[in-house]
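Encoded as C-alpha cells, the structure appears first; notes follow it.
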Amino acid sequence: MAEPRCETFIFLDLEATGLPNVHPEIAEISLFAIHRFSLENPEKDESGTLQLPRVLDKLTLCMCPERDFTPKASEITGLSNQNLTNNCKPGFDRTVVKALQEFLKRQEAPICLVAHNGFDYDFPLLRTELQRLGADMPDGTLCLDTLPALKGLDKGHHHSTRASHSKKSYSLSNLYRQYFNDEPKAAHSAEGDVYTLVMVFLHRAQELLQCFATEAQSWDEIQPMYISTHRRRSSQGHND
DNA sequence: TGCCAGGCCCTCTTTAGGGCCTT
C-alpha cells in the first residue's frame, strides 16, 4: 500500500450545541485550505515571527441547529438558537453540503482534514451530519488529529527523560500560549480556533509533515458520533 | 429519576481509577 500523502490540508473547526454525550448538532463550521507548499515554506515577518500563509481559501458558515444548545456550549461559543434564528440561518442542510463540496473541489487533491481532537470530536460529528443528508467527503480524503500527533512527537523527543512534561496541557489554546507566548485570538469562534490551529501546526510543521504517514487516517475509517434520526422540517427527504 | 462520550494516557497500574480533550 502506498504511503498516504496529501497536497492540501483543510484545517477545520466546528462549533456545536454541546459535547458528544448530548448528541450535538453543528452550529458553525470553518475551514482554511492551505497547500502543502505553504506549510513547507512558511512565511515570516521581519522579526522572524510565523505568519498565516497569504494564499489560503477560507469557508465559514453559521447554521441554526434544531436541538438546543447546552448552556455551557452557548456560553463559550456566543451562539444560541435565538441569535441564529434572529439571523435567519437555516440548519446544516444540502446548501451547506454543496458549499462544502464546491470549496473542497477547488483544492488540489488528495486533501487531508486537520482538527484538534478531530478523531474524537470534529470528524465523527461531521460524518454524522453528512450521513444524515446522504452525503460524504471526496474519495481518498485523509484525516489528521493534531492532538495525538503532537503528543506523540513530544513523547518521542523526551523518550529517555523523566516525564515532568507529561502533565502539560495539550488543549489548543494552551499549545498556542506555549508556542507563541501569547493569548489565542477569538477563541471559540470557529474561524478563530482554525487560525489558532493553523499557527500551532505551522510551529511544528516540519515534524508533523514527517509523521504524517503514521498519524493520518482515511476518512473512511471515521465512524459517526451517533446516528441522527430526526428529520428537518426543511428536508426534502421522503417519509417512511 | 435516570437518561448524559469515549479513546487515550498516566500513575499511587494491570484484580483500576481518573483526567484529558472536544462544545
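Letters A, B, ... mirror the listed sequences (proteins, then strands); counts begin at 1.
- Separating the C1' atom of B/dG6 from that of B/dT1 is a span of 25 Å, rounded to the nearest Å.
- Note: A/Leu19 CG to A/Asp120 CG = 12.0 Å, rounded to the nearest 0.5 Å.
- Remark: C1' of B/dT22 and OH of A/Tyr176 are 20 Å apart, rounded to the nearest angstrom.
- In this structure, A/Phe9 has its ring center closer than 6.0 angstrom to the ring center of A/Phe212.
- Between the CZ atom of A/Phe119 and the P atom of B/dC8 there is a distance of 11 Å, given to the nearest Å.
- Rounded to whole Å, atom C1' of B/dC21 lies 13 Å from atom CG of A/Asp193.
- Contacts of A/His116 with the nucleic acid, taken as non-hydrogen atoms under 4.0 Å apart, involve only primed sugar atoms and P, OP1 or OP2.
- For the pair A/Lys155 NZ and B/dC8 C1', the interatomic distance rounds to 10 Å; values are reported in whole Å.
- For B/dG19 and B/dC12, the P atoms lie 14 Å apart once the distance is rounded to whole Å.
- Note on ring orientation: taking the six-membered ring where Trp is involved, the planes of A/Tyr226 and A/His23 are parallel (angle under 30°, cut-offs 30° and 60°).
- Residue A/Asp122 is classed as having no contact, given no heavy-atom separation below 4.0 Å to the nucleic acid.
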Distances for protein N/O vs nucleotides 2-7 of chain B N/O pairs under 3.5 angstrom?
from	atom 1	to	atom 2	distance (Å)
B/dA5	O4'	A/Asn21	N	3.4

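- The P atoms of B/dT15 and B/dC20 are separated by 26 Å, rounded to the nearest whole Å.
- As a whole-Å value, the separation of A/Lys72 NZ from B/dC21 P is 15 Å.
- Here B/dT22 presents its P atom at 14 Å from CG of A/Leu12, a figure rounded to the nearest Å.
- For the pair A/Lys58 and A/Glu191, the salt-bridge criterion is met [side-chain N within less than 4.0 Å of a carboxylate O].
- Here the separation of B/dC9 from B/dC4, taken at their C1' atoms, is 23 Å to the nearest Å.
- The one candidate from A/Leu14, A/Thr128, A/Val96 that meets the side chain to side chain contact (heavy atoms under 4.5 Å, CB included) condition with A/Ile26 is A/Leu14.
- Taken to the nearest 0.5 Å, the CG atom of A/Asp57 stands 10.5 Å off from the CG atom of A/Leu31.
- The shortest distance between the side-chain N/O atoms of A/Ser171 and the OP1/OP2 oxygens of B/dC20 is not below 4.0 Å.
- Spacing between atom NZ of A/Lys168 and atom P of B/dC9 amounts to 15 Å, rounded to whole angstrom units.
- Taking atom CG of A/Leu14 as the reference point, atom C1' of B/dT22 lies 10 Å away to the nearest angstrom.
- Atom name C1', nucleotides B/dC3 and B/dG7: the rounded distance is 22 Å, in whole Å.
- Annotation: the span from A/Gln131 atom CD to A/Ser228 atom OG amounts to 9.0 Å, rounded to 0.5 Å.
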